[in-house]
*Asks:* 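Please see the structure below; I have some questions.
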Amino acid sequence: MSNLRLRFAPSPTGYLHVGGARTALFNWLLAKKENGTFILRIEDTDLERSTEESVDAILEGMKWLGLDWDEGPYFQSANFELYRKYVNQLLDEGKAYRCYCTTEELERKRALAMSEGRKPKYDGACRGLPPQGGDLPYVVRFRGEEEGATSFDDLIKGKITFPNEEMDDLIICRSDGTPTYNFCVAIDDAAMKITLVIRGDDHVNNTPRQIQIYKALGFPVPAFAHVPMILGSDKTRLSKRHGATSVMAYRDMGFLPEALANYLVRLGWSHGDDEIFSREEMIRKFDLKNVGRSPSVFSMEKLLWLNAHYIKTGDAERLASLLIPFLAERGISPDKDFSPPIPDIVRTLQERSRTLVEMADAAIFYFKAPEIYDEEALSKFEKKHLLNVYSELIGHLESDSLFTTVAVDLLLKEICSAKGWKMPQVGQPLRIALSGGAHAPAIADIITTLGIPESLRRIKLAKEKVSGL
RNA sequence: GUCCCCUUCGUCUAGCCCGGCCCAGGACACCGCCCUUUCACGGCGGCGACACCGGUUCAAAUCCGGUAGGGGACGCCA
């Protein structure tokens, strides 16, 4: 185990979204690569908005993506005493002070400052005040430095410097006694001996404040790496407006976890011209050096392409088990209904499905013989020709033994040359009889997957229906 | 408004640190052709970008300055 200690610290106020998932992935990847420790910490200091369902949803999302953690999950809500202790320490040392300003007052001042074109920062009204007696409600503010600058070397963005005068005295403890985010992260990251903080871009502005807190408390300052955010197609922060943002929603849309992970790792990071990364390659090749500095737009199209790739190259048995819930959604239960082996079905559909949803839709005909036929497809042939083709095939299927796709293909070719038909003249009518439509896997695949008896039954059925037209 | 960050094809990006190999490479999408028993897969080809303006230099996507545009932060949220 190396000394590298990383953490992913989501707040449980919703599901795991793709942005968070990518941050988690980057942390996880680096931990694996450097043989470090990956810690999961739930930032639930906001008791109002944190929920248990969100915690479960986040854990579920991480597990689905295969991001396991070495320590945790830790909950900040379990550390309130520790934070309290440090608040008091800072108070005693004069590095923090009580502020008696009311929310309304503060809001008024902020609005005024904004309207006058000034920076809406706290004016330090209570900075010099001695502690007030009685039970006047108060918050505790960190006494920030007024002069100089605070800077750090971001591993992704390079050196970033903030003038100290830009930062106001932030609240570290609310009037109800609970600590706030910026204070807790610093304490926890220090307590957990985090050596590198990889997090979203939106935290850049918090970093100098946190650094000041580390220093005030005498803690070593970790290294930072801020990952640019993920945008929607209109280049604004990705949100539900742009479509699904929840990791689990992607599972439900039929995406494979390896596809999402592969997509996410390439969003903002690259390794030359490589596009496809196995888990191992990702771990081996990932590095912060090649993480870009600019935000990136989420592209469903590319995700779809990757998913298609993983479906195409995936193990049929595994895909079959993943497909079952999607079949169930379509009212198909392979145990009860007529069903060819699912892996066989999957094999015929792997090259033509981008998602498990598409695959499930395309698989329906295997379980249910068509009740209606695609009229447009059918109308391309004369009724007489259709009946001829069906009769011809029924004859052969009843007498020949055909166990392989090669044998079926051969039969079709023989029929063509014997009757003087072109391949499409035989293939299409047959496809319609077997699947109901014009879009389906190869005829030979359908017949061998369906089995001769079922194929025969469907062709006879089609012949009956067509002759009744 | 103030501060911080960002800017290569429509999108993800390579190249930028260490100027010439870049009249900029790959991928997704799109278009065309080929393959073909449908739909797909696949193969081949095409379209398409260094935000802008100056400077340095024999030479700039690469270095410097400025402008414009975009994003983020500015909360008793995280």
Side-chain angles (χ1 to χ4, degrees), chain A residues 9-13 43-46 48-50 76 99 101-103 106-107 110 113-122 137-141 154 157-158 160-163 165-168 170-176 178 180-182 184-185 199-208 226 228-229 231 233 235-237 263 266-276 289-290 292-306 308 312 349-354 362 377 409 412-413 416 422-432 435 437-444:
Chain A
S11 66
T13 52
E43 313 239 310
D44 58 350
T45 51
D46 184 350
E48 293 288 306
R49 302 199 306 154
S50 300
Q76 290 193 317
C99 169
C101 298
T102 63
T103 313
L106 258 18
E107 260 164 32
R110 248 196 303 274
M114 281 279 218
S115 70
E116 288 177 356
R118 297 193 335 266
K119 193 175 170 62
K121 73 174 229 182
Y122 177 61
Y138 65 86
V139 299
V140 177
R141 282 184 189 273
D154 192 282
K157 293 172 177 283
I160 300 177
T161 303
F162 288 85
E165 58 175 348
E166 286 302 324
M167 292 176 269
D168 55 3
L170 90 188
I171 292 170
I172 58 176
C173 185
R174 303 184 181 94
S175 50
D176 65 0
T178 58
T180 59
Y181 167 75
N182 279 108
C184 299
V185 244
R199 79 229 296 196
D201 209 335
D202 46 338
H203 288 287
V204 170
N205 294 269
N206 293 326
T207 307
H226 290 96
M229 51 181 10
L231 310 176
S233 48
K235 305 230 182 180
T236 62
R237 191 188 195 125
Y263 178 70
R266 275 288 286 110
L267 203 56
W269 174 79
S270 61
H271 184 271
D273 288 338
D274 299 354
E275 293 290 349
I276 306 289
K289 202 177 97 250
N290 289 307
R293 302 136 306 258
S294 50
S296 22
V297 175
F298 189 91
S299 163
M300 185 64 112
E301 291 303 321
K302 189 150 184 184
L303 208 209
L304 239 16
W305 171 72
L306 275 164
K312 218 176 300 165
L349 263 16
Q350 278 177 284
E351 282 194 342
R352 60 199 85 228
S353 311
R354 295 184 300 173
D409 277 332
L412 295 182
K413 275 176 193 146
C416 279
K422 298 277 185 210
M423 211 27 131
Q425 291 178 281
V426 181
Q428 263 327 59
L430 199 45
R431 187 185 319 283
I432 295 165
S435 74
H439 304 177
I443 298 289

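In the text below, chain A, chain B and the rest are named by the order of the sequence lines, each starting its count at 1.
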*Asks:* Provide the distance between the two C1' atoms, one in B:A78 and one in B:G42, to the nearest whole Å.
*Replies:* 48 Å
*Asks:* Report yes if a donor N or O on one partner sits less than 3.5 Å from an acceptor N or O on the other, where the partners are the side chain of A:N206 and the base of B:A78; otherwise report no.
*Replies:* yes
*Asks:* Which nucleotide, in any strand shown, forms a Watson-Crick or G-U wobble pair with B:C33, with both distances under 3.5 Å?
*Replies:* B:G43
*Asks:* Check the angle between the aromatic planes of A:H203 and A:Y181 and answer parallel, tilted or perpendicular using the 30° and 60° thresholds.
*Replies:* tilted
*Asks:* For the residue pair A:T207 and A:F162, establish whether any side-chain heavy-atom pair is separated by less than 4.5 Å.
*Replies:* no
*Asks:* Which value, in whole Å, describes the distance between the C1' atoms of nucleotides B:G48 and B:C31?
*Replies:* 12 Å
*Asks:* Looking only at atom C1', what distance separates B:C50 and B:G15, rounded to whole Å?
*Replies:* 10 Å
*Asks:* B:C76 C1' sits how many Å from A:D168 CG, rounded?
*Replies:* 13 Å
*Asks:* If we take the P atom in both B:A51 and B:A60, what is their distance in whole Å?
*Replies:* 15 Å
*Asks:* Can you check the distance between B:A24 and B:G69, where both ends of the measurement are the C1' atom (answer in whole Å)?
*Replies:* 23 Å
*Asks:* Please report the distance separating the P of B:C16 from the corresponding atom of B:A61, rounded so that it comes out in whole Å.
*Replies:* 14 Å
*Asks:* What is the distance, to the nearest angstrom, from the CG atom on A:D409 to the C1' atom on B:U38?
*Replies:* 14 Å
*Asks:* Whole-Å distance between B:A78 C1' and A:N205 CG?
*Replies:* 14 Å
*Asks:* Specify the residue among A:P424 and A:P120 whose closest nucleotide of RNA chain B lies further upstream toward the 5′ end.
*Replies:* A:P120
*Asks:* Please determine, for B:C74, whether a Watson-Crick or G-U wobble partner exists with both distances under 3.5 Å, and give it or none.
*Replies:* B:G1
*Asks:* State, yes or no, whether a side-chain contact exists between A:Y138 and A:C173 at a heavy-atom distance under 4.5 Å.
*Replies:* no
*Asks:* Would you mind building the protein contact string for nucleotides 5-14 of chain B? One character per nucleotide, 5' to 3', B for base within reach (heavy atoms under 4.0 Å), S for sugar-phosphate only, - for untouched.
*Replies:* SSS---SBSS
*Asks:* Find the partner of B:G69: check Watson-Crick (N1-N3 plus N6-O4 or O6-N4) and G-U wobble (N1-O2, O6-N3) distances, both under 3.5 Å, and reply none if neither fits.
*Replies:* B:C6
*Asks:* Return the value, rounded to whole Å, for the distance between atom CD of A:E165 and atom C1' of B:C3.
*Replies:* 10 Å
*Asks:* Considering only the C1' atoms, how many Å lie between B:U56 and B:C63, rounded to the nearest integer?
*Replies:* 8 Å
*Asks:* Specify the separation, in whole Å, of atom CG of A:L106 and atom P of B:C74.
*Replies:* 14 Å
*Asks:* In whole Å, I'd like the distance from the CD1 atom of A:I171 to the P atom of B:C76.
*Replies:* 4 Å
*Asks:* Does A:T180 make a side-chain donor-acceptor contact with the base of B:C76, cut-off 3.5 Å?
*Replies:* no
*Asks:* Which base, if any, makes a Watson-Crick or G-U wobble pair with B:C58, both distances under 3.5 Å?
*Replies:* B:G20
*Asks:* Starting at CZ of A:F162 and ending at P of B:G72, how long is that distance when rounded to a whole Å?
*Replies:* 15 Å
*Asks:* For B:G45 versus B:C35, give the span between their C1' atoms, rounded off to a whole number of Å.
*Replies:* 15 Å
*Asks:* Measure CE/A:M229 against C1'/B:G70 and give the value in whole Å, please.
*Replies:* 13 Å
*Asks:* Quick check: do A:D201 and A:K157 have side-chain heavy atoms less than 4.5 Å from each other?
*Replies:* yes
*Asks:* If the sugar-phosphate is the primed atoms plus P, OP1 and OP2 and the base is the rest, what is the B/S/- string for nucleotides 39-45 of chain B, using protein heavy atoms under 4.0 Å?
*Replies:* BBSS---
